[in-house]
Amino acid sequence: GVSTTYANRAIVTSGASFAIDEAITQTGALRLTSAGGISQAADASGVINVDSLFITTSSGTASVTLTNTSNTIATLGDVAVGPRAFSLYDNAALAVAGTVTANGGLVIQSTGALTLNSGTTIASSKSGNSIVLVSGGVFTNSAGSGALSTSGSRRFLIYSQDAANDTIGGLTGGKIYNSTYEANPPATIAASGNQFIYAADVPFILITYSIADTASTYGTLGAAGTVAFTGVNGGDDVTGVVSFYDAGNNPITLSTTTDVGSYNVRVTGLSGADAGSYLIDPSGSSIDGTLSITPAPLTVAGLTAGDKI
């Protein structure tokens, strides 16, 4: 077993595997180097409490599994485990600052904020869910679009709490809401490609609209004017579903025999591929349109040149 209260300790083993079965509490950096896998006891005897952690393994296929739920690690530095898998649980906020490579796949989970510092690179060549990051608080990527290295059939999954609070720093992927790592683990995520997975519900964006006025004559089918939205993100597919109301605010169905008069036109629903992310602002700042139906011109048939009216 290992127990130390020293600062900046390096532990090097040459065996096929290395198990931490005595708590490690120290300031500064802890460097673990093993010829094989590294694990820790799940109870208090295996806890790691350090300022920073660095890990290197050199042979074998055994994983590096440091998932004691009482671990507190402020910073994860360089991790090089080659073709092996790497799993880390941190019962605190965690900053990743360095190069992390685990080609057998990796899971990094913090109960607090998870931050990728500038210059950080996390890479895995495992197919499928190659990189899984789990933040119990805010996720912040300060390392840019190249922070996570995946390609082909590989992807990353990033679990966090609320998209409104996160900084994804150029990473791209789909968005899944009302889902957590515990209730919706990686194997259950059916959507393809990289995904950001949030515990919060869909963050609706409030938008307003204005509808141009139109006119028609009795006997022809009237139509709504152009609907213009304010607040829709560029490129999003959102269109308005309009309804018509008479002077008594009763909904009507337009036809060629709708009575002459003025009718209110308003957006009562949204459609389009991105409509689920938007709501009409209930403040009343949208501008409804008006459809005016005027009498049809009088036509008289059957008269001859000698007839008089």
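We're numbering straight along the sequence, starting at 1.
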Are [X] and [Y] connected, step by step, through hydrophobic side chains (Ile, Leu, Val, Met, Phe, Trp, Tyr) whose heavy atoms are closer than 4.5 Å?
X: L114; Y: L157; answer: no
X: F204; Y: Y198; answer: yes
X: V134; Y: V138; answer: no
X: V107; Y: L133; answer: no
X: F86; Y: V132; answer: no

I'd like to know if the side chain of [X] and the backbone of [Y] have a donor-acceptor N/O pair within less than 3.5 Å.
X: D162; Y: A164; result: yes
X: R154; Y: S127; result: no
X: T101; Y: A123; result: no
X: N141; Y: A143; result: yes
X: T115; Y: N117; result: no
X: S135; Y: A113; result: no
X: D274; Y: D237; result: yes
X: N8; Y: A29; result: yes
X: D90; Y: Q109; result: no
X: T33; Y: V12; result: no

Using 0.5 Å steps for rounding, measure from the [atom1] atom of [X] to the [atom2] atom of [Y].
X: S243; Y: D288; atom1: OG; atom2: CG; result: 10.5 Å
X: T180; Y: I176; atom1: OG1; atom2: CD1; result: 12.0 Å
X: I280; Y: L206; atom1: CD1; atom2: CG; result: 9.0 Å
X: S125; Y: N103; atom1: OG; atom2: CG; result: 3.0 Å
X: L106; Y: N129; atom1: CG; atom2: CG; result: 11.0 Å
X: L32; Y: I55; atom1: CG; atom2: CD1; result: 5.5 Å

For residues 244-252, which side-chain donor-acceptor pairs fall under 3.5 Å, sequence neighbours excluded?
{"from": "D246", "atom 1": "OD1", "to": "G248", "atom 2": "N", "distance (Å)": "2.9"}
{"from": "D246", "atom 1": "OD1", "to": "N249", "atom 2": "N", "distance (Å)": "3.2"}
{"from": "D246", "atom 1": "OD1", "to": "N250", "atom 2": "N", "distance (Å)": "2.9"}
{"from": "D246", "atom 1": "OD1", "to": "N250", "atom 2": "ND2", "distance (Å)": "3.4"}
{"from": "N249", "atom 1": "OD1", "to": "R266", "atom 2": "NH1", "distance (Å)": "3.4"}
{"from": "N249", "atom 1": "OD1", "to": "R266", "atom 2": "NH2", "distance (Å)": "2.6"}

Are [X] and [Y] packed together at the side-chain level, in the sense that at least one heavy-atom pair is separated by less than 4.5 angstrom?
X: L53; Y: L66; value: yes
X: V267; Y: I211; value: yes
X: T258; Y: I293; value: yes
X: Y89; Y: T65; value: no
X: T268; Y: V242; value: no
X: L116; Y: I122; value: yes
X: I11; Y: I24; value: yes
X: N184; Y: I197; value: no

Search all heavy atoms of [X] against all heavy atoms of [Y] and return the closest pair with its distance.
X: S87; Y: T67; answer: CB-CG2, 3.8 Å
X: S216; Y: L291; answer: OG-CD1, 4.1 Å
X: D43; Y: N68; answer: O-ND2, 2.7 Å
X: T239; Y: G272; answer: OG1-N, 4.3 Å
X: I189; Y: R155; answer: O-NH2, 2.9 Å
X: Y181; Y: P186; answer: CE1-CD, 3.6 Å

- prompt: Can Q40 and N71 be said to form a side-chain hydrogen bond (donor to acceptor under 3.5 Å, both in side chains), step by step?
  reply: CA-CA 10 Å; Q40 64 181 153; N71 289 336; 2.8 Å; yes
field: Verdict with reasoning, I48 to L30, per side chain to side chain contact (heavy atoms under 4.5 Å, CB included)
entry: CA-CA 9 Å; I48 299 174; L30 172 64; 4.1 Å; yes
task: Return yes when atom CD1 of I287 has more than 12 non-hydrogen atoms of other residues, nucleotides or ligands closer than 6.0 Å, and no otherwise.
output: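 No, not enclosed.
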Checking side-chain polar atoms at under 3.5 Å, does [X] have a donor or acceptor matched by the opposite partner on [Y]?
X: N91; Y: T111; value: yes
X: S124; Y: S130; value: no
X: Q26; Y: D51; value: no
X: S255; Y: T257; value: yes

query: Can you list the steps and then say if T140 with D166 is a side chain to side chain contact (heavy atoms under 4.5 Å, CB included)?
result: CA-CA 6 Å; T140 302; D166 288 357; over 6 Å; no
task: Please test L148 against I158 for side chain to side chain contact (heavy atoms under 4.5 Å, CB included), starting from the C-alpha separation and ending with a verdict.
output: CA-CA 11 Å; L148 305 183; I158 299 176; 3.8 Å; yes
field: Pair D259-Y218, side-chain hydrogen bond (donor to acceptor under 3.5 Å, both in side chains): steps then yes or no
entry: CA-CA 7 Å; D259 289 341; Y218 182 83; 5.6 Å; no
Just list the side-chain donor-acceptor pairs under 3.5 Å for residues 72-85, sequence neighbours left out, or say none.
{"from": "T72", "atom 1": "OG1", "to": "N49", "atom 2": "OD1", "distance (Å)": "2.5"}
{"from": "D78", "atom 1": "OD1", "to": "T99", "atom 2": "N", "distance (Å)": "2.8"}
{"from": "R84", "atom 1": "NE", "to": "T57", "atom 2": "OG1", "distance (Å)": "2.9"}
{"from": "R84", "atom 1": "NE", "to": "V81", "atom 2": "O", "distance (Å)": "2.9"}
{"from": "R84", "atom 1": "NH1", "to": "S59", "atom 2": "O", "distance (Å)": "3.3"}
{"from": "R84", "atom 1": "NH1", "to": "G60", "atom 2": "O", "distance (Å)": "2.4"}
{"from": "R84", "atom 1": "NH2", "to": "T57", "atom 2": "O", "distance (Å)": "3.3"}
{"from": "R84", "atom 1": "NH2", "to": "T57", "atom 2": "OG1", "distance (Å)": "3.4"}
{"from": "R84", "atom 1": "NH2", "to": "V81", "atom 2": "O", "distance (Å)": "3.1"}

task: Could you walk me through whether V232 and Y278 pass side chain to side chain contact (heavy atoms under 4.5 Å, CB included), step by step?
output: CA-CA 8 Å; V232 175; Y278 294 89; 3.9 Å; yes
query: Is the centre of the Y177 ring less than 6.0 Å from the centre of the F196 ring?
result: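 For Y177 and F196, the ring centres are not under 6.0 Å apart.
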